[in-house]
Amino acid sequence: MLVSFSVSPLGGESDGVSAAVADAVRVVRESGLPNETSSMFTTVEGENWDEVMDVVRRAVEAVQRHAPRVSLVLKADIRPGYTGQLSAKVERVEEHLREM
């Protein structure tokens, strides 16, 4: 399953969020699960709900250490039996683009 999520602090002392987001991304990277981070979301791939949502929970907890309130946006692609989709989904789109 793939889960893309964005987590950010709300109500802190500053409008900068990069330090808090870096702490969340660090949790994801240290999880050992396949992942990638873009300017808006971090996507993590795992075998099941428990594995992936544990990483998301710990990322949220990392951000909570920075502010009294946290915003979480989450999108999931649940497709049992498929792995390697973090890159395979993009490659399938790229194949169609090359055909044009």
Side-chain angles (χ1 to χ4, degrees):
M1 81 181 294
L2 294 172
V3 171
S4 292
F5 70 101
S6 173
V7 59
S8 62
L10 299 173
E13 295 179 14
S14 131
D15 62 349
V17 299
S18 60
V21 170
D23 284 348
V25 171
R26 187 173 294 109
V27 167
V28 173
R29 291 183 180 173
E30 289 175 354
S31 75
L33 295 178
N35 66 84
E36 65 180 31
T37 298
S38 68
S39 61
M40 297 289 291
F41 286 90
T42 294
T43 303
V44 63
E45 182 171 14
E47 293 290 323
N48 57 55
W49 279 100
D50 292 338
E51 182 178 53
V52 175
M53 294 308 288
D54 178 62
V55 174
V56 173
R57 179 188 51 78
R58 289 186 291 118
V60 168
E61 289 170 350
V63 172
Q64 282 179 316
R65 291 190 281 276
H66 290 265
R69 188 175 181 186
V70 175
S71 171
L72 173 67
V73 176
L74 186 139
K75 181 176 182 179
D77 181 356
I78 304 149
R79 195 174 185 194
Y82 286 80
T83 60
Q85 296 303 297
L86 189 65
S87 58
K89 288 178 72 162
V90 175
E91 183 53 38
R92 287 192 294 272
V93 172
E94 292 294 336
E95 286 177 22
H96 286 289
L97 290 170
R98 285 190 293 271
E99 293 172 1
M100 299 179 100

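Note that the coordinates shown come from a computational prediction; the quantities given were computed from them, not determined experimentally.
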Is the shortest distance from a Lys or Arg side-chain nitrogen in Glu61 or Arg65 to a carboxylate oxygen in the other one below 4.0 Å?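 No salt bridge links Glu61 with Arg65.
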
Using the rule that Ile, Leu, Val, Met, Phe, Trp and Tyr join whenever any side-chain heavy atoms are under 4.5 Å apart, tell me whether [X] and [Y] fall into a single cluster.
X     : Y     : answer
Val21 : Phe41 : no
Val55 : Trp49 : yes
Met40 : Val7  : no
Tyr82 : Val90 : no

Between [X] and [Y], what is the shortest heavy-atom contact and its length?
X     : Y     : value
Pro34 : Leu86 : C-CD2, 3.9 Å
Val52 : Glu45 : CG2-C, 4.3 Å
Ala67 : Leu10 : CB-O, 3.4 Å
Ala20 : Val63 : O-CG2, 3.5 Å

Atom CZ of Arg58: over 12 foreign heavy atoms under 6.0 Å: yes

State, yes or no, whether a side-chain contact exists between Val60 and Phe5 at a heavy-atom distance under 4.5 Å.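 Not touching, per the 4.5 Å side-chain cut-off.
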
Are any of the side-chain heavy atoms of Leu72 and Val56 separated by less than 4.5 Å? yes

From Leu2 atom CG to Lys89 atom NZ, the distance as rounded to the nearest 0.5 Å: 5.5 Å

When the side chains of residues 22-30 are checked against the rest of the protein, which donor-acceptor pairs come out under 3.5 Å, sequence neighbours left out?
{"residue": "Asp23", "atom": "OD1", "partner": "Arg26", "partner atom": "NH1", "Å": "2.6"}
{"residue": "Asp23", "atom": "OD2", "partner": "His66", "partner atom": "NE2", "Å": "2.6"}

Could you list the donor-acceptor pairs under 3.5 angstrom formed between side-chain atoms of residues 92-100 and any protein atom two or more places apart in sequence or on another chain?
{"residue": "Arg92", "atom": "NH1", "partner": "Gln85", "partner atom": "OE1", "Å": "3.3"}
{"residue": "Arg92", "atom": "NH2", "partner": "Gln85", "partner atom": "OE1", "Å": "2.9"}
{"residue": "Arg98", "atom": "NH2", "partner": "Glu91", "partner atom": "OE2", "Å": "2.6"}

